[in-house]
Amino acid sequence: MGQILDGKALAQTLCEDIKKRADALKAQGVAPKLAVILVGEDPASQLYVRSKGKRAAELGILAEQYTYTATLSEAELLDRIRQLNRDDTVHGILVQLPLPGHLDPDQVIACIDPHKDVDGFHPQNAGALLSGQPGFVPCTPKGVLALVKSTGLPIAGKRCVVVGRSNIVGKPVALLMLKEDATVTICHSRTEGLGAITREADILIAAVGKAGLITADMIKEGAIVIDVGQVRIQGKWQGDVDFGPALEKAAYITPVPGGVGPMTIAMLMDNTVESAQRALQARSQHGSN
Ligand code: NAP
């Protein structure tokens with residue numbers, strides 16, 4: 001029987017430290033501020049934005065919300081982002097995805113100042129992660145890595161299998177695990193013999209969005225299993241992993257909800273405070289020149 005990796009508890013511990021950093025910044029005259037843009041009325045997006053705002057308030061981070069109807073034009077959205085880019089009091093800009101179909105997410109993300117891109121989705125930050133340069137690491141992958149590390153088990157040299165290859169979860173999480181010296185395999189919808197590959201994983205990260213795709217027979221005995229997937233079925237959140245039977249097989253496993261979700265929000269706060277710290281540093285360097 002494995003242990004449940006409690007993302008809620010770990011996020012709470014991390015947030016205590018983030019709050020201290022936010023308080024220290026405020027004492028130096030910098031109030032960390034996050035601008036959150038929501039376009040449309042998607043209930044899941046509204047829920048995520050509310051959760052982010054609530055957590056920010058708890059940590060003393062200012063969270064300004066810009067809410068628009070789904071009829072917002074791309075030009076209007078880009079104008080708002082440019083205004084926020086210019087606003088020195090704003091340290092993080094987040095555009096809640098998915099956007100309504102007429103808005104091109106690539107154009108929108110590319111418009112965000114990479115120094116304020118606390119979601120880490122801008123091509124400059126994605127490139128920085130790929131090439132090992134400093135930049136913002138996307139929040140969900142950063143949260144996944146923290147969960148894996150919290151087990152205290154080694155990562156270097158271990159087999160890590162990531163199921164899912166999106167730009168926001170699968171690819172960046174695979175890069176983070178590679179940076180930790182894991183031997184990484186990425187699977188996707190065209191992968192043949194998925195179970196044979198996942199069964200080799202010491203660390204299995206599922207980021208698909210298909211409830212119950214990963215069954216217990218696809219998990220290696222004693223593996224660390226991180227379930228990023230979240231789908232709402234009949235009013236209940238479910239992950240990609242068939243949790244009950246998988247718990248019998250894995251050494252550690254994250255639940256859904258209460259696993260990766262709270263860690264994603266904690267990492268967003270972490271990135272926002274990091275951005276404010278960089279702004280303060282830049283200001284003091286500028287001042288001393
Ligand atoms: P996405 O862009 O839809 O990507 C899903 C990935 O799964 C794709 O790479 C797809 O392959 C792959 N896939 C689909 N069916 C598959 C199958 N049968 N076998 C193997 N791979 C398959 O989704 P995403 O944005 O990465 O998100 C993935 C899940 O994580 C969703 O449930 C989302 O809600 C959740 N999520 C949770 C958090 C959190 O904070 N907890 C944050 C972000 C996302 P192809 O590339 O071949 O299409």
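One-based numbering, in listed order, for ligands and for the atoms of each.
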Is there a donor-acceptor pair under 3.5 Å between the side chain of Lys52 and the backbone N or O of Leu268?
no
Closest approach of Pro114 and Phe136, non-hydrogen atoms and distance?
O-CD1, 3.6 Å
Which ligand 1 atoms does Val163 reach within 4.0 Å, using its non-hydrogen atoms?
20 (C), 21 (N)
Do me a favour and list the nearest non-hydrogen protein atom to atom 26 (O) of ligand 1 with residue, atom name and distance?
Ser166 OG, 2.5 Å
Among all protein heavy atoms, pick the one closest to atom 31 (C) of ligand 1 and tell me residue, atom and distance.
Gly209 CA, 3.7 Å
Within a distance under 4.0 Å of any heavy atom of Thr264, pick out the atoms of ligand 1 and give their elements.
39 (C), 40 (O)
Salt bridge or not between Asp270 and Arg21? Use side-chain N to carboxylate O under 4.0 Å.
yes
Closest protein heavy atom to atom 13 (N) of ligand 1, given as residue, atom name and distance to 0.1 Å
Val208 CG1, 3.6 Å
Could you list which atoms of ligand 1 come closer than 4.0 Å to a heavy atom of Gly261?
40 (O), 41 (N)
Nearest heavy-atom approach of Thr254 to Asp227 is OG1-N, 2.8 Å
Can you report which non-hydrogen protein atom sits closest to atom 11 (O) of ligand 1, along with the distance?
Ser189 N, 3.2 Å
Counting non-hydrogen protein atoms only, what is the nearest one to atom 15 (N) of ligand 1? Give residue, atom name and distance.
Lys210 NZ, 3.1 Å
Using a strict 4.0 Å threshold on nitrogen-to-oxygen distance, state whether Lys20 and Asp23 make a salt bridge.
no
Is the backbone of Val90 close enough, under 3.5 Å, to the side chain of Lys116 for a donor and an acceptor to pair up by distance?
yes
Under 4.0 Å to a heavy atom of Ile168 - the qualifying atoms of ligand 1, by number
25 (O)
Filtering Val169, Thr198, Thr191 for the heavy atom nearest atom 27 (O) of ligand 1 leaves Val169
Given Val228, Val260, Leu268, which one has a non-hydrogen atom that is nearest to atom 30 (O) of ligand 1?
Val228
Just to confirm my output: which protein heavy-atom neighbour is closest to atom 20 (C) of ligand 1, and how far is it?
His188 O, 3.2 Å
Using a 4.0 Å cutoff against the non-hydrogen atoms of Thr140, which atoms of ligand 1 qualify?
40 (O), 42 (C), 43 (C)
Using distance alone, determine whether Arg190 and ligand 1 share an N or O pair under 3.5 Å.
no
Is Lys19 salt-bridged to Glu16, going by a charged N under 4.0 Å from an acidic O?
no
Hey, is Gly229 one of the residues with a heavy atom under 4.0 angstrom from ligand 1?
yes
Nearest-contact summary for atom 46 (O) of ligand 1 - protein heavy atom, Å
Arg165 NE, 2.7 Å
Atoms of ligand 1, numbered as shown, that sit under 4.0 Å from any heavy atom of Gly164:
6 (C), 7 (O), 9 (O)
Selected option - heavy-atom contact closest to atom 41 (N) of ligand 1, from Met263, Met267, Gln230, Lys171:
Gln230
Using a strict 4.0 Å cut-off to heavy atoms of Leu213, name the atoms of ligand 1 that fall inside it.
18 (N), 19 (N)
When you check the side-chain N and O atoms of Arg278 and Gln281, is any donor under 3.5 Å from an acceptor?
no
